[in-house]
Participant: 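Take this structure, written in structure tokens, and hold onto it; I'll ask about it next.
Counting convention: from 1, in listed order, for ligands and their atoms alike.
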Amino acid sequence: MLSSRREFMQQSIAGMLSVSMLQSSLWQQEWKEILAKYKDRSPQAVAEDEDFWFYVQQAYITSPHIINLNNGGVSPHPLPVHQQHVQLLEQANIAPAYQMWQIIDKGREPIRQKLAQLGGCSAEEIAITRNTTESLDLVIMGLDLKEGDEVVLTKQDYPNMINAWKMREKRDKIKLNWINLELPIEKDEIFVDYFTNAFTPKTKVVQLTHMINWTGQIMPVAKIAREAKKRGIKVIVDGAHTFAQFKFSIPELGGDYFGTSLHKWLSAPFGTGMLWVKKENIKELWPLFPNHEFDSDNIRKFEAMGTRNMCAEMAIEAAIDFHNGIGIERKEARLRYLKNYWAERASRIPGVKLFTSLNKNYSCALALFSIENAKPEDIQQHLFSKYRIYTVTIEWENIKGIRVTPHVYTKLSELDLLVMGIQDFVNTQVAKK
Ligand SMILES: Cc1ncc(COP(=O)(O)O)c(C=O)c1O
């Protein structure tokens with residue numbers, strides 16, 4: 001009995017995998033034809049062409065039981081990425097030490113090159129990590145700072161980074177100078193003033209969150225970094241949400257360090273990330289997990305984190321290919337189109353307030369809304385229990401609301417349902433009064 005159940009389970013899993021493999025190769029054939037057909041169309045025209053995005057949607061396995069509008073947390077990966085990851089896992093599992101360390105890991109340098117192309121930087125400045133937290137904690141913990149040195153950061157930065165700095169404050173007696181941003185902001189100068197007012201002669205480091213995850217606010221990092229550089233301040237950029245969401249090159253931001261997660265907007269396997277360190281800063285940055293070259297200027301010294309899922313790392317390649325197939329200009333235009341699609345409609349409902357600018361310089365895929373006199377968790381529950389729409393409740397410092405994050409596979413019909421759900425919530429509130 002036990003063995004027949006086990007056989008059944010094994011056959012079902014094998015069946016599911018082969019269906020997704022088949023689906024993936026059929027999809028890849030059609031995808032090539034679609035890309036050829038659309039090659040001369042402008043990104044904006046493609047952004048609004050549902051036929052193109054229909055093919056992108058087909059690359060994702062979704063469920064009728066949930067409409068996932070929290071892609072900001074982590075993204076699902078499309079079929080070609082899933083397929084490459086699963087194939088590598090199967091290969092590794094035959095003889096993991098040999099397969100992972102001798103064969104599969106050979107893909108590391110080509111992937112470093114491809115990531116560098118996406119970032120517009122040198123491959124000698126790219127380390128492959130597991131996420132933004134690891135990338136930036138590595139920088140926060142690895143910088144030489146002494147008692148009395150000052151660091152400027154905002155209360156709207158990500159908690160993991162804030163906690164790392166608080167630990168250094170306690171351990172090394174550095175001083176943290178906090179900025180409390182009032183969002184949304186639609187003027188670069190306001191940001192620049194916030195930061196320049198916080199800098200002192202003792203400031204050694206500033207942390208800039210390229211896109212603030214709570215509301216989707218884009219910060220003018222290059223302008224703030226320019227002011228920091230004039231004062232000899234090192235610049236750490238938290239790019240968790242921006243890499244592969246919209247077009248920019250990492251060096252043009254003017255920072256010294258940039259960390260991101262590849263399982264967000266690149267749709268690479270879970271637990272994949274990247275750290276960029278400007279070449280001249282590599283030598284002086286201490287790695288969190290030292291290898292024998294811990295004081296060298298070799299970027300690979302940041303990758304000695306021991307045995308891990310190298311198959312996930314190597315499947316980053318398929319994610320880059322998928323991303324390049326869509327193209328960053330089309331992806332950026334589509335994500336902004338989807339965000340504006342629901343946000344403009346929702347903002348016309350009485351009582352609904354947006355905490356995200358719709359100006360293209362200050363937001364892209366993410367946006368936050370609230371409803372007058374309503375608790376965010378009640379709105380989130382309503383959307384989930386009645387419409388199976390999954391969003392995230394945000395209550396952080398001076399920010400309160402529901403964050404909505406579509407991705408390239410999101411359908412307009414799903415956003416229509418979201419707006420209907422918001423309207424419906426407002427109607428029930430009005431009826432209760
Ligand atoms: C701004 C920001 N920084 C860092 C992180 C941490 O990312 P991860 O959990 O992939 O390390 C997140 C996650 O959402 C984020 O939004």
Side-chain angles (χ1 to χ4, degrees), residues 68-77 115 127-141 151 153-167 179 181 183-185 191 206-221 224 235-246 248 250 253 255 257-276 288-289 302-303 305 308-309 312-313 315-316 319 335 339 355-356 362-368 390-397 399 401-407:
N68 181 19
L69 291 179
N70 181 13
N71 291 284
V74 60
S75 297
H77 29 278
L115 285 171
I128 299 167
T129 64
R130 289 174 293 195
N131 49 50
T132 310
T133 304
E134 184 169 82
S135 302
L136 295 185
D137 278 0
L138 199 154
V139 178
I140 295 168
M141 297 301 162
V151 174
L153 68 170
T154 81
K155 293 191 170 179
Q156 289 72 27
D157 288 335
Y158 195 71
N160 293 2
M161 279 74 248
I162 287 180
N163 293 334
W165 281 120
K166 284 184 173 169
M167 191 170 107
I179 294 171
L181 299 167
L183 302 172
I185 296 174
F191 274 112
V206 59
Q207 177 171 282
L208 302 175
T209 302
H210 197 187
M211 176 183 276
I212 294 168
N213 57 293
W214 314 113
T215 66
Q217 170 85 48
I218 298 175
M219 284 224 271
V221 166
I224 306 166
V235 178
I236 301 179
V237 183
D238 181 340
H241 276 287
T242 52
F243 188 71
Q245 184 183 144
F246 60 83
F248 64 95
I250 298 174
L253 297 177
Y257 316 93
F258 177 95
T260 193
S261 301
L262 303 176
H263 47 229
K264 288 187 189 286
W265 295 97
L266 192 65
S267 295
F270 313 133
T272 53
M274 183 182 102
L275 168 68
W276 171 84
L288 206 52
F289 312 104
F302 300 118
E303 292 178 356
M305 55 302 262
R308 57 197 182 270
N309 184 1
E313 290 178 321
I316 293 170
L335 291 173
K339 188 272 315 294
F355 284 90
T356 308
Y362 298 104
S363 69
C364 188
L366 283 71
L368 183 92
Y390 182 62
T391 55
V392 63
T393 305
I394 304 283
E395 294 208 34
W396 182 259
E397 295 290 342
I399 303 165
I402 297 291
R403 191 186 72 184
V404 175
T405 319
H407 207 304

Participant: Exactly one of Val139, Leu153, Thr133, Thr209 should register a side chain to side chain contact (heavy atoms under 4.5 Å, CB included) with Asp238. Which one does?
Facilitator: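 By the side chain to side chain contact (heavy atoms under 4.5 Å, CB included) criterion, Asp238 pairs with just one of Val139, Leu153, Thr133, Thr209: Thr209.
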
Participant: For ligand 1, is Asn160 a contact, meaning one of its heavy atoms is under 4.0 Å away?
Facilitator: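 Flag not set, Asn160 not near ligand 1.
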
Participant: Nearest non-hydrogen contact with atom 4 (C) of ligand 1 belongs to which option: Phe270, Tyr158, Trp214?
Facilitator: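 Shortest heavy-atom distance from atom 4 (C) of ligand 1: Tyr158.
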
Participant: Would you check whether Glu134 has a nitrogen or oxygen atom less than 3.5 angstrom from a nitrogen or oxygen atom of ligand 1?
Facilitator: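 No.
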
Participant: Assign the ring pair Trp265 / His407 to parallel, tilted or perpendicular, where the plane angle (0 to 90°) is split at 30° and 60°.
Facilitator: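 Geometry flag for His407 against Trp265: parallel rings.
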
Participant: Find out whether Trp165 and Ile140 are in side-chain contact, i.e. whether some heavy atom of one side chain is under 4.5 Å from a heavy atom of the other.
Facilitator: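 They are in contact (side-chain heavy atoms under 4.5 Å apart), so the answer is yes.
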
Participant: Can Asn131 and Thr272 be said to form a side-chain contact (heavy atoms from CB on, under 4.5 Å), step by step?
Facilitator: CA-CA 5 Å; Asn131 49 50; Thr272 53; over 6 Å; no

Participant: Are Phe246 and His210 close enough that their ring centers fall under 6.0 Å?
Facilitator: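 Here the rings of His210 and Phe246 have centres that are less than 6.0 Å from each other.
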
Participant: With heavy-atom distances below 4.0 Å as the criterion, list the atoms of ligand 1 near His241.
Facilitator: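 Near His241, the atoms of ligand 1 are 14 (O), 16 (O).
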
Participant: Out of Ser261, Gly239, Gly273, Ser135, who is nearest to atom 10 (O) of ligand 1 when you count heavy atoms only?
Facilitator: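 That would be Ser261.
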
Participant: Please could you name the atoms of ligand 1 that His263 approaches to less than 4.0 Å, counting only its heavy atoms?
Facilitator: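 Near His263, the atoms of ligand 1 are 10 (O).
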
Participant: Answer side chain, backbone, both or neither: which part of Thr133 comes under 4.0 Å from ligand 1, heavy atoms only.
Facilitator: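 The answer is both, backbone and side chain.
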
Participant: Is it the case that the side chains of Thr405 and Asn71 hold a donor-acceptor pair, with the cut-off being a distance below 3.5 Å and no angle test?
Facilitator: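 There is no such pair between these side chains.
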
Participant: Where is the nearest protein heavy atom to atom 1 (C) of ligand 1: which residue, which atom, and how far?
Facilitator: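 Ranking protein heavy atoms by distance from atom 1 (C) of ligand 1, first comes Asp238 OD2, 3.4 Å.
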
Participant: Kindly determine whether Ser261 and Thr132 satisfy side chain to side chain donor-acceptor pair (under 3.5 Å), including the steps that lead there.
Facilitator: CA-CA 5 Å; Ser261 301; Thr132 310; 2.4 Å; yes

Participant: What residue and atom, counting heavy atoms only, is the protein's closest point to atom 14 (O) of ligand 1, and at what distance?
Facilitator: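 Checking every protein heavy atom, the shortest distance to atom 14 (O) of ligand 1 gives Lys264 NZ, 2.6 Å.
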
